[in-house]
Structures are given as C-alpha cells and as structure tokens.
Asker: 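If you scroll down you'll find the structure; I have some questions about it.
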Amino acid sequence: MNRPLVIGNWKMNLDFVEAVHLTQQISVLLKNQPSAHTDVVVAPPFVDLRSVASVLEAERSNVALAAQHVNPHEAGAHTGEVSQAMLARLGVTWVLVGHSERRTHYAMDDAVVAATLSTVVRSGANAVLCVGEDESARDDGEYASVVSAQLASALAGLEEKSRALVTVAYEPIWAIGTGRSAAPEQIHEMATVLRRELTALGCGEARVLYGGSVTGENAAAILVEGGVDGFLVGGASLKSDSFVAIIRACDDCYAGLANRR
Ligand code: 13P
C-alpha cells in the first residue's frame with residue numbers, strides 16, 4: 001500500500017473568512033495529534049487560496065494546498081479563468097483535473113482534460129486526475145471501459161518525467177454527494193482496473209484515490225477492502241472533525257497494515 005493521501009475538495013463552499021476558520025481548526029487538530037502516515041491536502045475555491053496559504057504558513061502546517069481547476073493556457077483572453085503560473089505564485093502544489101462537475105457542467109471534454117493535466121505536471125505541480133462513470137454506465141456494465149477511456153485519453157501523451165506527479169481519483173458520479181458510497185468490492189474492482197491501466201500507460205506508481213460520499217465511518221473499510229491509497233472528500237471535508245476523522249482512519253489503517261507486514 002502506498003502512503004495514504006486525503007484531499008478535501010471544498011467545491012464552491014466557504015468564503016475566505018469561513019475558509020480561514022476551517023483551516024485553523026484543521027491545523028490545530030493535526031498539531032495536537034499529527035498524522036504520522038497520511039499526506040493531507042485542501043482544495044479551497046480560488047478566492048480563498050491566498051488566505052488559506054497564509055494560515056497554513058503561520059501554523060507551520062504540513063497540509064498542502066490544491067486548486068480545484070486551472071486553465072491550460074498560459075495567459076491571455078480567458079475571462080474568468082486562472083493560470084497555472086498564478087496558482088504556483090500562491091504556493092499551490094496540487095491541482096484537481098477533470099472533476100466530473102467540470103466535465104458535466106462546464107464542458108470540459110477529454111481533450112481539455114488532457115491539455116490541463118499536461119499543463120499542471122509540466123509546471124512541476126501534482127495533478128489529481130478525476131475519472132468516474134455515471135449511473136447509466138454503471139447499470140449497463142460499461143463502467144470499466146468508460147473509466148479506462150478517460151484515463152488513456154488523459155495520460156497517453158504525457159512526458160515520462162512528469163508521470164510521477166499524477167494521482168488518480170476514482171469518483172463514480174452516482175456516489176458524489178448522494179450519501180451512497182460505492183461498495184468496497186466495487187471500489188476494489190475499479191482500483192484493480194485502474195492500476196492495470198496505469199501500469200500499461202507508464203504510471204504504475206500513481207496513487208489511486210476514491211471519492212464519493214466518504215465519511216469518517218466508511219473510510220477505514222473502503223481503504224482496506226477497496227484497496228485504494230486514500231480519498232478525495234467533498235461534503236465531509238467542510239467540517240474539521242469529519243475531515244480529520246477520515247485522516248485518522250487512514251493513519252490507523254496504514255499503521256495496522258504496516259505492523260502486519
Ligand atoms: P462527496 O464527498 O460530497 O460525495 O464529494 C465527492 C467529490 O466530488 C470530491 O471531489
């Protein structure tokens with residue numbers, strides 16, 4: 001098992017004052033009881049990044065900063081968008097790429113996902129490539145082929161030296177924000193497919209995360225039985241207690257598995 005990674009995707013929630021409060025609460029909880037084995041990242045809205053970065057720096061926190069999206073172009077006439085260089089200046093070291101909400105609601109197709117992924121890793125930042133099928137693909141038994149196609153189209157053109165910067169998040173759309181997490185067996189099946197495809201694409205070392213209605217209660221079972229390396233968390237990342245509970249579950253599982261080896 002790889003070292004676990006837990007990423008909190010705050011989506012379009014929390015203004016900068018609320019974001020500062022949450023960051024302080026997370027920092028205090030992790031200072032009181034540091035996470036020994038788990039890497040932690042938060043992905044606030046763009047307008048909160050500067051404030052959250054300041055809190056993390058002041059608290060000397062190990063929590064890293066992610067953006068939820070970036071435009072693949074360098075600069076210019078892209079009203080409403082933000083560039084990778086702008087994010088780097090703010091201390092952002094992770095970027096979510098191709099979240100299903102961007103693919104579905106903001107016309108992010110596979111070509112734009114691939115261009116964005118390439119922009120992020122060429123800059124030296126870590127990219128979290130989000131993949132996942134919708135409910136009808138799940139019902140039709142097409143889920144593995146849908147997700148494999150998303151993976152291949154995003155990774156095929158990637159330079160070899162950038163591949164170590166890729167993490168993959170499997171987020172079935174039907175499990176996002178529904179309170180209906182995928183079952184550990186379903187996650188295990190997809191994690192196996194993803195790892196096989198990643199190896200074939202030269203990214204065999206990439207961490208594979210799961211996202212979709214993850215909570216402090218189901219995290220341990222998904223991590224162990226689902227065979228993933230951590231989580232991309234939405235709703236449960238908006239409260240410090242529930243977010244840190246997921247981090248603790250990863251820490252405990254990793255320590256337990258390490259002891260058994
Ligand atoms: P929920 O944890 O709210 O289901 O959201 C998952 C997600 O989309 C994270 O990117």
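Residues: numbered from 1 along the sequence shown. Both ligands and their constituent atoms are indexed starting at 1 by order of listing.
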Asker: So for ligand 1, is L232 a polar contact partner (N or O within less than 3.5 Å, distance only)?
Answerer: no
Asker: Tell me the ring pair (Phe, Tyr, Trp, His ring centres under 6.0 Å) pairs involving residues 15-47, sequence neighbours left out?
Answerer: H37-Y254
Asker: Picking from L117, V92, V95, what satisfies side chain to side chain contact (heavy atoms under 4.5 Å, CB included) with V70?
Answerer: V95
Asker: State if A236 counts as touching ligand 1 under the rule of any non-hydrogen atom under 4.0 Å.
Answerer: no
Asker: Side chains of H99 and E171: is there a donor and an acceptor less than 3.5 Å apart?
Answerer: yes
Asker: Do any N/O atoms on T178 end up under 3.5 angstrom from N/O atoms on ligand 1?
Answerer: no
Asker: What atoms of ligand 1 come within less than 4.0 Å of a heavy atom belonging to E171?
Answerer: 6 (C), 7 (C), 8 (O), 9 (C), 10 (O)
Asker: Taking 4.0 angstrom as the limit and counting only heavy atoms of H99, give me the atoms of ligand 1 inside it, by number and element.
Answerer: 7 (C), 8 (O), 9 (C), 10 (O)
Asker: Strictly below 4.0 Å, N to O, side chains only: are R103 and D134 in salt-bridge contact?
Answerer: no
Asker: For G235, counting its heavy atoms only, list the atoms of ligand 1 lying under 4.0 Å from any of them.
Answerer: 1 (P), 2 (O), 3 (O)
Asker: Side chain or backbone of I176 under 4.0 Å from ligand 1, or both, or neither, by non-hydrogen atoms?
Answerer: both
Asker: Looking at non-hydrogen atoms alone, which of R180, E101, K11 comes nearest to atom 8 (O) of ligand 1?
Answerer: K11
Asker: Would you say the side chains of T119 and Q84 form a donor-acceptor pair under 3.5 Å?
Answerer: no
Asker: In terms of atom number and element, which parts of ligand 1 are under 4.0 angstrom from non-hydrogen atoms of G212?
Answerer: 4 (O), 6 (C)
Asker: Within a radius of less than 6.0 Å around CD of E205, do more than 12 heavy atoms belonging to other residues, nucleotides or ligands occur?
Answerer: no
Asker: Suppose I only count heavy atoms of G234 and a 4.0 Å limit; which atoms of ligand 1 are within that range?
Answerer: 1 (P), 2 (O), 3 (O), 5 (O), 6 (C), 9 (C)
Asker: Decide whether S83 and N71 meet the rule of one side-chain donor and one side-chain acceptor closer than 3.5 Å.
Answerer: no
